[in-house]
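If you're wondering where the values come from, they're calculated on a predicted model, not measured in any experiment.
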Amino acid sequence: MAEQLFAWCSNAAIAAWLGLGCAAALGPGPWRERLLFVAGRAVPLALCLVYVLVLVGYWGTAPGGGFTSLASVLLLFAAPGKMLGGWLHFLAFDLLVGHWMVQTVVERNLSRWPLLLFLPLAFLWGPMGLLGFTGWLVGGRRGR
């Protein structure tokens, strides 16, 4: 069951990232708003729901695991259900960051070209994409 959930949720996240990319490419209109809502809100919230269900379902399955040391985190994520929970956490939060990036560009009417760099970075290496995008935003303001 955990393997199936992993595949379904990963595929949903990939589809949502593609949706965010399409929403970034589209001009103003209802399709962009729908894509942003589904890809940037509905899918991450659905992933959050699955996360909670997985967390509850696998409660107590990693004795000795925790967050007090690297060793205890390793024990925690050695349990497949706990690793799935961690993966779902990444998928949901990275998608929310991607949504924020696209929404920020759309609302401020900024160039969408930098999203070609920052969305894939956020998809593959979340904090790196967020850092780069934020640096681009701040750097762009200085030039005004």
Side-chain angles (χ1 to χ4, degrees), residues 1-62 65-68 70 72-144:
M1 181 64 163
E3 194 66 43
Q4 270 187 321
L5 274 176
F6 174 85
W8 289 341
C9 291
S10 295
N11 288 333
I14 290 169
W17 277 103
L18 290 172
L20 285 178
C22 290
L26 288 173
W31 280 105
R32 179 168 67 191
E33 296 308 314
R34 287 184 191 118
L35 272 173
L36 278 174
F37 175 78
V38 171
R41 300 286 173 124
V43 172
L45 289 173
L47 292 170
C48 288
L49 177 62
V50 176
Y51 167 82
V52 169
L53 295 173
V54 165
L55 194 67
V56 169
Y58 287 95
W59 198 265
T61 59
F67 299 106
T68 58
L70 182 57
S72 65
V73 171
L74 284 169
L75 275 173
L76 181 69
F77 287 129
K82 298 295 187 175
M83 185 64 222
L84 176 59
W87 181 244
L88 292 169
H89 181 279
F90 277 117
L91 292 178
F93 276 69
D94 287 355
L95 264 174
L96 287 171
V97 167
H99 174 265
W100 172 76
M101 290 163 56
V102 173
Q103 193 70 43
T104 299
V105 165
V106 166
E107 286 175 355
R108 297 181 186 181
N109 199 28
L110 301 171
S111 172
R112 292 178 263 164
W113 288 106
L115 289 173
L116 291 174
L117 171 65
F118 298 122
L119 282 177
L121 280 176
F123 170 63
L124 296 170
W125 303 286
M128 189 184 304
L130 176 60
L131 187 62
F133 181 77
T134 304
W136 173 72
L137 280 180
V138 171
R141 284 188 183 166
R142 263 193 255 136
R144 290 183 182 177

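Between Trp17 and Leu20 there is a side-chain heavy-atom pair separated by less than 4.5 Å. The shortest distance between side-chain heavy atoms of Leu45 and Leu49 does not fall below 4.5 Å. Leu84 has its side chain out of reach of Tyr51: every pair of non-hydrogen atoms, C-beta onward, lies at least 4.5 Å apart. Side-chain contact between Leu119 and Phe133 is absent, with no heavy-atom pair separated by less than 4.5 Å. Between Trp136 and Leu110, some side-chain heavy-atom pair lies under the 4.5 Å cut-off. In this structure the side chain of Leu36 never reaches within 4.5 angstrom of the side chain of Arg41, judged on heavy atoms. Proximity of Phe67 to Leu76: side-chain heavy atoms (C-beta onward) are separated by under 4.5 Å at one or more points.
Interatomic distance, CG of Leu115 versus CG of Leu121, reported as 11.0 Å (0.5 Å rounding). Between atom CG of residue Leu137 and atom CZ of residue Phe118 there is a gap of 8.5 Å, rounded to the nearest 0.5 Å. Remark: Cys9 SG to Leu88 CG distance equals 5.0 Å, nearest 0.5 Å. Expressed to the nearest 0.5 Å, how far CZ of Arg108 lies from CD of Gln103 amounts to 11.0 Å. The distance from the CD1 atom of Ile14 to the CG atom of Leu95 is 10.5 Å, given to the nearest 0.5 Å. The SG atom of Cys48 lies 11.5 Å from the CG atom of Leu53; values are rounded to the nearest 0.5 Å.
Considering all non-hydrogen atoms of both residues, Leu47 and Ala13 come closest at CD1-CB, 4.4 Å. Shown here for Gly40 and Pro44, the closest heavy-atom pair between the two residues is O-CG, 3.4 Å. Between Ala62 and Ala79 the shortest heavy-atom distance is CB-CB, 4.0 Å. Contact between Leu35 and Cys22 at its shortest, heavy atoms only, is CD1-CB, 3.8 Å.
Remark: Phe77 CZ is packed, more than 12 non-hydrogen atoms of other residues, nucleotides or ligands lying under 6.0 Å away. When the shell of 6.0 Å around CH2 of Trp100 is examined, it contains more than 12 heavy atoms from other residues, nucleotides or ligands.
Between Phe93 and His89, the two ring planes are parallel [angle under 30°; tilted spans 30° to 60°].
A distance-only check finds a donor-acceptor pair linking the side chain of Arg112 to the backbone of Leu26 [under 3.5 Å].
Trp87 does not carry Lys82 over the face of its six-membered ring by the limits of under 6.0 Å from the centre and within 45° of the normal.
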